[in-house]
Amino acid sequence: MADEEPTSIWMQPERQERSGPGRRPGYSREQITRTAVQIADAEGVEAATMRRIACELGTGAMSLYRYVPRRDDLFDLMIDMVMSEIELPGSPSGDWRSDLTLLARRIRATGLRHPWLIALLTSRPTLGPNLLRVHEFALGTLDGLGLDIDDITGLIGMFNDYVHSAIRREIGWLEEARRTGLDPERWKRDYIGPYVSQIVESRAFPLFSRSVLDSRTAHLASEERFRHGLDRILDALAALITSLRSR
């Protein structure tokens, strides 16, 4: 019914159906979600509609709503399916900096494999079991350091903000390269380079000019730039942890 309160997909038992002689084949949430992920990876998340998924599965769109009632439910399932790709130890090692570095690198790898993930993940609240597994690991890296839970969640929030924004920026560069047919270096040199040179020569923005002429990080490879920024964030977390523990 249109006036029913929406219920989290994680609280809705999956419909169980068996195929049999003379019956239409049944589907599963996993099958529907995997198809949606494949479409989103190839064409963008906007293309992963129920109609398109149904077409790929050879059925009618309305039949799939029995398994995944709403598009928001589909997004939650898609996010959680790809979060399952993030392999982590059963528990943190006790070296919080090493553990968060491992987590950041694996989130980045997953985000680059699925360019729609980070934008979808950061635009909606979702609490699927695989996302909770990853989040629990992140929180656990700082547990036992003498911090209260507000401090732990706040610091992990800062960590997530850096990781997610860095991945989104990197994906933006990659998408621009695909759109224009220029790799990032050619884009900088041939497309935006002449305009930047004009700005530098004008001397109107001296600090920007320094960031162009003297910056080392601007010329790092993507993975190195990600790690450089991550190290700075972890340095900041270390200082904050020391301050919070002495509070």
Trainee: Measure from NZ or CZ of R124 to the centre of the six-membered ring of F75, then state whether that distance is under 6.0 Å and the direction lies within 45° of the axis.
Mentor: no

Trainee: Not counting sequence neighbours, which residues clear salt bridge (Lys or Arg N to Asp or Glu O under 4.0 Å) with D231? List them please.
Mentor: R227

Trainee: Hey, are the side chains of I241 and W96 touching, using non-hydrogen atoms and a 4.5 Å cut-off?
Mentor: yes

Trainee: Which distance, rounded to the nearest 0.5 Å, do you find between the CZ of R106 and the CD1 of I86?
Mentor: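 Reported value, rounded in 0.5 Å steps: 10.0 Å.
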
Trainee: Of all the heavy-atom pairs spanning T217 and R225, show the shortest one and how long it is.
Mentor: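 Here T217 and R225 meet closest at O-NE, 3.4 Å.
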
Trainee: Can any side-chain N or O of R245 pair as donor or acceptor with the backbone N or O of L145 at less than 3.5 Å?
Mentor: yes

Trainee: So which heavy atom on R133 is nearest to which on M83, and how close?
Mentor: NH2-O, 3.1 Å

Trainee: Can you sort out the partners of F137 under ring-ring contact (aromatic ring centres under 6.0 Å, His included), two or more places apart, ordered by chain and number?
Mentor: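 In terms of ring-ring contact (aromatic ring centres under 6.0 Å, His included), with neighbours along the sequence ignored, F137 is linked to no residue.
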
Trainee: Between side-chain atoms of residues 32-40 and protein atoms elsewhere (two or more places apart, or another chain), which donor-acceptor pairs fall under 3.5 Å?
Mentor:
from : atom 1 : to  : atom 2 : distance (Å)
T33  : OG1    : R29 : O      : 2.7
R34  : NH2    : E30 : OE2    : 3.0
T35  : OG1    : Q31 : O      : 2.9

Trainee: Can you tell me if R97 has over 12 outside heavy atoms packed within less than 6.0 Å of its CZ?
Mentor: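 Yes, the 6.0 Å shell around CZ holds more than 12 heavy atoms from other groups.
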
Trainee: Is a side-chain N or O of S215 found less than 3.5 angstrom from the main chain of V212, in a donor-acceptor match?
Mentor: no

Trainee: Among L121, I171, L120, D41, find the one that has a side chain to side chain contact (heavy atoms under 4.5 Å, CB included) with H114.
Mentor: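 Option passing the side chain to side chain contact (heavy atoms under 4.5 Å, CB included) with H114: D41.
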
Trainee: Between CZ of R71 and CE of M50, what distance do you get to the nearest 0.5 Å?
Mentor: 8.5 Å

Trainee: Looking at OG1 of T101 and CZ of R105, how far apart are the two atoms once the value is rounded to the nearest 0.5 Å?
Mentor: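 The OG1 atom of T101 sits 8.0 Å away from the CZ atom of R105.
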
Trainee: Should L220 and V196 be regarded as members of a common hydrophobic cluster, given that ILVMFWY residues are connected when their side-chain heavy atoms come within less than 4.5 Å of each other, either directly or indirectly?
Mentor: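 Not linked; separate clusters.
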
Trainee: How close do A104 and F226 get, heavy atom to heavy atom, and via which atoms?
Mentor: O-CZ, 3.7 Å

Trainee: Nearest heavy-atom pair of E170 and S222: which atoms, and what distance?
Mentor: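 Heavy-atom minimum between the residues: OE2-CB, 3.4 Å.
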
Trainee: side-chain hydrogen bond (donor to acceptor under 3.5 Å, both in side chains), that's the test. Do T110 and R113 meet it? Break it down for me.
Mentor: CA-CA 5 Å; T110 303; R113 282 196 302 273; 3.2 Å; yes

Trainee: If you compare all heavy atoms of L103 against all heavy atoms of A138, which two are closest, and at what distance to 0.1 Å?
Mentor: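 It is CD2-CB, 3.6 Å.
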
Trainee: Using ring-ring contact (aromatic ring centres under 6.0 Å, His included) as the criterion, list what pairs up with W10, not counting sequence neighbours.
Mentor: none

Trainee: Which residues satisfy the side-chain contact (heavy atoms from CB on, under 4.5 Å) test with S93, sequence neighbours excluded?
Mentor: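 Here the qualifying residues are D95, D99.
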
Trainee: Taking ILVMFWY side chains as joined if any heavy atoms are under 4.5 angstrom apart, and letting links pass through other members, which residues group with L132?
Mentor: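 Hydrophobic cluster check, L132: joined to L127.
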
Trainee: From I152 CD1 over to D143 CG, what is the distance, rounded to the nearest 0.5 angstrom?
Mentor: 5.0 Å

Trainee: Using modelled atom types only, decide if a donor and an acceptor are shared between the side chain of R108 and the backbone of A166 within a distance under 3.5 Å.
Mentor: no

Trainee: How far does CG of D80 sit from CD1 of I9, to the nearest 0.5 angstrom?
Mentor: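 Answer for the CG-CD1 pair, D80 versus I9, is 11.5 Å.
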
Trainee: Roughly how far apart are M81 CE and L117 CG, rounded to 0.5 Å?
Mentor: 13.0 Å

Trainee: Between the main-chain N or O of Y27 and the side-chain N or O of Y67, is there a donor-acceptor pair closer than 3.5 Å?
Mentor: yes

Trainee: Output yes when a side-chain donor or acceptor of S211 lies under 3.5 Å from a complementary backbone atom of F208, and no otherwise.
Mentor: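 At least one qualifying donor-acceptor pair exists.
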
